[in-house]
Amino acid sequence: MDKENPDSKRKAPRRKDDDRVILHFCVENSNPSLKTLPLGIKQKSILATCNYVARRHGVKKLMGIQEAKRLCPDLILADGEDLSPFRDVSKRIYSLLKSYSWNGRVERLGLDEVFLDVTDIIAYNLELLNHHNLENSWFCLSREDPEKGFEFDAREVKGCVYGEDESQQGDDGSKWRLLLGSHLAFYLRQEVESMGYTSACGIATNKLLAKLAGDKNKPRNQTTLLSSHSPIPFLNPLPLAKIPGVGSKTIHALKTLLQTESTELTVHDARTHPAVSPFALERLLCGSGGEKGIGQKIWLLLHGIDGSEVKPARDIPRQISIEDTYRGLTTLPQIRASLVQITGSLLRRMHVDLLDDSPSPSPVTTPSATSPPPTTVPTQKSGGGGGRRWMAQPKTLRLTTRPYFPPSEWDKVEYNTGRASKSVPLPRFIFDLKEDSEEIVERLVEGTLLPLFHTLNPDPKKWRVGLLNVCVTNMSGGGHEGGGGSDIVAAFQRQKEVGEIRAIAFADDQLLGDDDDDGDGSSEEPAEWVEDEDEQDGVRCQLCGCAIPVFAVEAHGRWHELEED
DNA sequence: CCGGGGGCCT
DNA sequence: AGGCCCC
């Protein structure tokens, strides 16, 4: 009866995907003084990246310094092991672009790329468009203030258009959306440029196509991929590895499946090969513990389909980590010094990224919690930092190590194997000091990281440390000034004042369960690590009796030096 | 002369 | 905790 309902037939073919407008920006420094000179950013013995002048000489990313110097003797090298300056720039660009977003869907990818879902802005402006006076159009950047915006000529797409041809069949709005998107992209690129940076941009209906389109006219132009024709011809000639999501493992698996090991696989090769189907890919890539649905996902990517959303802007990072590589640290003093160094960097990063910029209006600092001045530890700085509050407090600290492999063993070991890591609850006392962190570094290294290192590398004769990584993660909601909110903490306070408590242990659920747990912990002694061999009958929390996995804090006792061999 | 991050998934 | 992915 309703089988051939013309109404449903008219609506059916349209995917929601087609209505989106996604921008992908790729930013780089437009260093005026060095623009004409070949510049490379160095990390240890490797070239992390380089500018386009250097690339013209054949210099590539991740190339060895020696080879790069051979190809381009005049190459200027800048040290990029400390990413702080790059983070700074990245943050400013990101904030600029985010300030134009209406829906907060602004996603960073690395330090130099940003996705924007501007579907809502485009939809708003599509209704405003006067088709009888296209050349004098006004792009409105604010719902509240019609004056905020810019003039543009809506007769043409701004910037480059991929596959520019006669195909102007039935424009159902999709073309207009992308046209508007191209003008918005151009405006935003000018804003970025006024900050001193050049950028490329891709404009398309999903993240995959936007990113790939932006590659077409780097580094200083934009490319719109109209959705009026199929994305297949656009994708076909691209090397398979260009597809974001298809990494080295996937490439390797596919090459063995297709038995075309020699030639560089293109999207066309993979998509048209008879052995390739969503199921075959799933079987191939999901072998053991792989991501379920990955086969279909990759298969859809090969066809230009990507339903993934631009993730809303995240105020707080999921994790913060600092790492450094070494040519074989073997003695404890070396390791200790290295840990002190990276821990200092980590705490500085935490202060920059996790501590609120603006002082809180009420400078009330922990009225009752700190009332009895602790006699044991003189580290109390009465809420230093002028009342700044933590936007988030990490709950977990992780140390990762990798042994050093001399060059003679490089062919014998898999890169990235040999990494060992272990995470534990992060001692809360590190949130006390908000300005000077030297003593915290000491306590963290001596009380937590060094013991952790010993559990990861028990045998001093095998100490050949090639990498150290310290990471804080598992961020909790913002901590209020004052703390002492939870019963556990209150009990801790009480018993501490009376001087009864000898040891207190923090279990995971205590640290996790309390949204408002400031932890106080302002006057504990440095932490001590307790390894219990059988994980079943381990330490028990003296306050609530719950089982403690691994971590304990001495309140009044002393932590002892670790044995050094 | 083999970096220094970050994400999400299991 | 580790894998694979991104830059």
Side-chain angles (χ1 to χ4, degrees), chain A residues 24-28 40-50 61-70 77 79-87 90-91 94 107-115 207-208 211 214-215 241-253 285-294 297-298 301 308-309 311 314 316-328 342 345-346 349 353 396 398-424 456 466-475:
Chain A
H24 172 266
F25 291 87
C26 186
V27 183
E28 76 173 66
I41 306 294
K42 179 189 65 145
Q43 282 171 334
K44 294 292 188 296
S45 63
I46 222 174
L47 203 62
T49 188
C50 59
K61 293 179 181 180
L62 299 188
M63 184 179 273
I65 297 294
Q66 292 192 324
E67 192 182 355
K69 271 286 190 184
R70 189 168 48 74
L77 289 175
D79 196 327
E81 284 160 36
D82 182 0
L83 298 180
S84 305
F86 304 95
R87 271 192 206 99
S90 175
K91 219 168 182 173
Y94 173 71
E107 184 179 340
R108 258 209 283 190
L109 188 58
L111 293 176
D112 64 344
E113 295 186 21
V114 179
F115 288 99
K207 286 171 71 178
L208 168 76
K211 183 169 164 56
D215 275 344
K242 280 277 185 184
I243 303 298
V246 177
S248 57
K249 297 290 184 183
T250 307
I251 293 282
H252 185 254
L285 304 171
C286 201
S288 59
E291 191 179 339
K292 60 175 188 186
I294 188 74
K297 199 177 90 181
I298 300 278
L301 290 179
S308 66
E309 298 278 332
K311 258 83 82 188
R314 202 173 296 286
I316 296 158
R318 300 278 181 163
Q319 63 176 47
I320 299 174
S321 71
I322 299 286
E323 75 179 44
D324 205 347
T325 57
Y326 312 92
R327 279 146 49 240
I342 62 177
S345 302
L346 181 67
R349 281 282 311 286
D353 290 348
T396 305
R398 178 167 60 235
L399 177 68
T400 304
T401 71
R402 186 215 300 156
Y404 171 73
F405 301 110
S408 60
E409 295 178 27
W410 284 354
D411 51 349
K412 288 185 252 174
V413 298
E414 288 262 352
Y415 180 68
N416 238 19
T417 60
R419 282 179 107 109
S421 68
K422 183 156 186 166
S423 40
V424 295
L456 288 171
L467 172 140
L468 292 175
N469 176 310
V470 179
C471 173
V472 289
T473 182
N474 199 359
M475 313 290 182

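The sequence lines fix the lettering, A, B, ..., with proteins before strands; numbering per chain opens at 1. Quantities reported herein were computed from a predicted structural model and do not represent experimental measurements.
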For [X], report the nucleic acid contact type (base, sugar-phosphate, nothing); a contact means any heavy atom under 4.0 Å.
X: A/Asp324; result: sugar-phosphate
X: A/Arg314; result: sugar-phosphate
X: A/Gln66; result: base
X: A/Ile294; result: nothing
X: A/Leu47; result: nothing
X: A/Lys42; result: nothing

Atom [atom1] of [X] to atom [atom2] of [N]: distance rounded to whole Å?
X: A/Arg87; N: B/dG4; atom1: CZ; atom2: C1'; value: 8 Å
X: A/Met475; N: B/dG7; atom1: CE; atom2: C1'; value: 13 Å
X: A/Gln43; N: B/dG3; atom1: CD; atom2: C1'; value: 4 Å
X: A/Asp82; N: B/dG4; atom1: CG; atom2: P; value: 10 Å
X: A/Arg108; N: B/dG6; atom1: CZ; atom2: C1'; value: 10 Å
X: A/Ile322; N: B/dG4; atom1: CD1; atom2: P; value: 10 Å
X: A/Phe86; N: B/dG6; atom1: CZ; atom2: P; value: 15 Å
X: A/Glu67; N: B/dG3; atom1: CD; atom2: C1'; value: 17 Å

Go ahead and name the base partner of B/dG4; Watson-Crick or wobble counts if both distances stay under 3.5 Å, otherwise write none.
->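 Base-paired to C/dC7.
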Are A/Arg87 and A/Asp353 ion-paired here, with the side-chain N under 4.0 Å from a carboxylate O?
->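 No, A/Arg87 and A/Asp353 are not salt-bridged.
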Basic-acidic side-chain contact under 4.0 Å: A/Arg419, A/Glu323 =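 Judged by the 4.0 Å cut-off on N to carboxylate O distance, A/Arg419 and A/Glu323 do form a salt bridge.
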Polar side-chain atom of [X] near backbone of [Y] as donor-acceptor pair, under 3.5 Å:
X: A/Glu81; Y: A/Lys44; answer: yes
X: A/Gln43; Y: A/Ala48; answer: no
X: A/Gln319; Y: A/Val472; answer: no
X: A/Thr400; Y: A/Ser421; answer: no

When you match A/Glu323 and A/Lys311 each to their closest nucleotide on DNA chain B, which lands nearer the 5' end?
->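 Going by which nucleotide is closer to the 5' end, it is A/Glu323.
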Starting at the 5' end of DNA chain B, which residue's closest nucleotide do you reach first, A/Ile65 or A/Gly289?
->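 Mapping each residue to its closest nucleotide by heavy atoms, the 5'-most match is A/Ile65.
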Could you run through nucleotides 2-7 of chain C and give me one letter per nucleotide, 5' to 3': B if any protein heavy atom sits under 4.0 Å from the base, S if only the sugar-phosphate is that close, - if neither?
-> S-SSSS
With sequence neighbours excluded, residues passing side-chain hydrogen bond (donor to acceptor under 3.5 Å, both in side chains) with A/Asp82 =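 A/Asp82 satisfies side-chain hydrogen bond (donor to acceptor under 3.5 Å, both in side chains) with A/Ser84 once adjacent residues are dropped.
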Among the nucleotides B/dG4, B/dC8, B/dG5, which one has an atom lying closest to any side-chain atom of A/Arg318?
->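 Among the listed nucleotides, the one closest to the side chain of A/Arg318 is B/dC8.
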Between A/Glu67 and A/Arg70, is any pair of side-chain heavy atoms under 4.5 Å apart?
->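 A side-chain contact exists here, since the closest heavy-atom pair is under 4.5 Å.
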